[in-house]
S.K.: 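Sending over a structure as structure tokens; questions will come in a sec.
Convention: sequence-line order gives letters A, B, ...; per-chain numbering from 1.
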2 protein chains.
Amino acid sequence: MTTRRDAVHDTLRKSEGFRSAQDVYAEMRLHGAKIGLTTVYRALQALADGGQVDVLRTDEGESVYRACASEVHHHHLVCRRCGHTVEVAGPAVERWAEAVGSEHGFTEITHTVEVFGTCASCSSAPAKVG
Amino acid sequence: MTTRRDAVHDTLRKSEGFRSAQDVYAEMRLHGAKIGLTTVYRALQALADGGQVDVLRTDEGESVYRACASEVHHHHLVCRRCGHTVEVAGPAVERWAEAVGSEHGFTEITHTVEVFGTCASCSSAPAKVG
DNA sequence: CCGATTTTGACAACCATTTTCATTTTGGCG
DNA sequence: CGCCAAAATGAAAATGGTTGTCAAAATCGG
């Protein structure tokens with residue numbers, strides 16, 4: 001009962017960085033897949049719920065998904081130009097978040113940490129910045 | 001040329017945590033202010049652009065604003081129950097982000113770090129979790 | 001006070017996401 | 001295989017936050 005969901009997951013795996021639901025949908029249609037936008041949304045949510053993909057919000061408020069290599073907790077270093085993403089671990093940050101939280105009496109602490117930058121290829125490439 | 005903008009800023013200052021544009025608008029109207037939703041959005045954006053208020057995205061994709069005490073770079077520890085917010089500094093995290101970024105050849109590094117939890121009052125309060 | 005410029009705000013337009021609901025597919029069972 | 005029930009699917013409509021439009025109102029300069 002998940003041919004579609006697998007297809008979505010598969011499409012995501014082929015992508016370098018984070019993709020929006022609409023992106024995934026468009027790409028699947030390009031490859032001739034017979035799937036509806038609604039189903040893509042549902043599959044993506046299910047996948048996210050199950051922890052098979054990571055989700056985060058764009059600055060414009062769009063949800064973007066990514067099939068990550070490791071299912072353990074990690075963060076992302078995302079190139080704001082090409083979207084290339086590197087998964088990074090940050091034990092220090094985890095501890096810091098925990099410390100800061102309990103220091104103020106907070107419990108059930110969670111955190112969101114994302115690092116953005118311009119990757120090497122994009123820095124050397126032409127375009128914008130002189 | 002900014003009576004409205006000041007009013008918006010003022011309303012924000014009276015709030016404990018992050019508030020959405022719609023919240024601010026609703027509250028201002030409650031206090032009898034004659035202002036339109038459009039103007040609130042514009043004021044909030046202007047304020048955010050000028051660095052007078054901090055912005056972040058809810059999990060639901062809503063933009064929420066807050067008039068912070070310090071205008072220097074800092075992060076937030078937000079209670080997911082009552083919205084109470086504590087401003088926290090994290091030199092270690094700043095350095096970590098920089099390090100991780102340059103380690104992978106990224107430049108112009110920026111980062112988003114937000115910590116969520118349940119504050120002391122809310123933990124002891126009744127409601128949800130047993 | 002007059003015209004130019006900016007600000008304002010009601011309302012329409014956008015657009016990603018969700019909901020609705022009828023149809024299709026899938027699975028168990030005789 | 002034929003049948004019924006539950007789950008999945010997807011087209012289209014509804015939602016809802018945010019932005020764009022544009023005319024009216026406030027403000028500024030002279």
S.K.: For the ring pair F116(A) and H76(A), is the centre-to-centre distance below 6.0 Å?
M.R.: no
S.K.: Can you figure out which of dT9(D), dT17(C), dT18(D) approaches the side chain of T39(A) most closely?
M.R.: dT9(D)
S.K.: To the nearest Å, give me how far apart CG (L47(A)) and P (dA8(D)) are.
M.R.: 14 Å
S.K.: Taking the side chain from T85(A) and the backbone from G83(A), do they hold a donor-acceptor pair closer than 3.5 Å?
M.R.: yes
S.K.: Can you check side-chain contact (heavy atoms from CB on, under 4.5 Å) on V64(B) and V55(B), steps first, answer last?
M.R.: CA-CA 6 Å; V64(B) 286; V55(B) 203; over 6 Å; no
S.K.: Using whole Å, report how far CZ of R4(A) lies from C1' of dG10(D).
M.R.: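 In whole Å, dG10(D) C1' lies 10 Å from R4(A) CZ.
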S.K.: Report yes or no: does Q45(B) contribute a side-chain atom to a donor-acceptor pair with the main-chain N or O of A43(B) at less than 3.5 Å?
M.R.: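 Between the backbone of A43(B) and the side chain of Q45(B) there is no qualifying donor-acceptor contact (under 3.5 Å).
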S.K.: Sort and list the pairs that fulfil salt bridge (Lys or Arg N to Asp or Glu O under 4.0 Å) and have at least one residue in residues 62-73 of chain A, not counting sequence neighbours.
M.R.: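 Listed by first then second residue: R66(A)-E87(A).
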S.K.: Round to a whole Å and report the spacing from CG of D6(A) to P of dT9(D).
M.R.: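 Distance check: D6(A) CG to dT9(D) P gives 10 Å.
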S.K.: Going by atom types only, do T110(B) and R80(A) share a side-chain donor-acceptor pair under 3.5 Å?
M.R.: yes
S.K.: So Q22(A) and Y41(A), side-chain hydrogen bond (donor to acceptor under 3.5 Å, both in side chains) or not? Walk me through it.
M.R.: CA-CA 8 Å; Q22(A) 312 259 355; Y41(A) 272 104; 3.0 Å; yes
S.K.: Where along residues 48-62 of chain B does a heavy atom fall under 4.0 Å from DNA chain D?
M.R.: E62(B)
S.K.: In terms of side-chain heavy atoms, does T118(A) have a donor or acceptor partner in T107(B) at a distance below 3.5 Å?
M.R.: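 Result is no, nothing qualifies.
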S.K.: Tell me the salt bridge (Lys or Arg N to Asp or Glu O under 4.0 Å) pairs involving residues 13-32 of chain B, sequence neighbours left out?
M.R.: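 Listed by first then second residue: D10(B)-K14(B), R19(B)-D23(B), R19(B)-E27(B).
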S.K.: At a cut-off of 3.5 Å, list every protein nitrogen or oxygen paired with a nitrogen or oxygen from nucleotides 18-20 of chain C, distance to 0.1 Å.
M.R.:
residue : atom : partner : partner atom : Å
dT18(C) : OP1  : Q45(A)  : NE2          : 3.3
dT18(C) : OP2  : Q45(A)  : NE2          : 2.8

S.K.: For the pair T39(B) (side chain) and I35(B) (backbone), establish whether a donor and an acceptor sit closer than 3.5 Å, ignoring hydrogens and angles.
M.R.: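 It does not hold such a pair.
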S.K.: Does any residue of residues 25-35 of chain A have a heavy atom under 4.0 Å from DNA chain D, and if so, which ones, in number order?
M.R.: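 K34(A), I35(A), in order of number.
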S.K.: So what does S63(B) hit on the nucleic acid, given a heavy-atom distance under 4.0 Å: a base, only sugar-phosphate, or nothing?
M.R.: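 If one applies the 4.0 Å heavy-atom cut-off, S63(B) turns out to touch the sugar-phosphate alone, with no base involved.
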S.K.: Any side chain to side chain donor-acceptor pair (under 3.5 Å) pairs touching residues 89-105 of chain B, not counting sequence neighbours?
M.R.: H73(B)-E94(B), H75(B)-E94(B), E94(B)-H111(B)
S.K.: Verify the contact: side-chain N or O of R5(A) to OP1 or OP2 of dA8(D), cut-off strictly under 4.0 Å; return yes or no.
M.R.: no
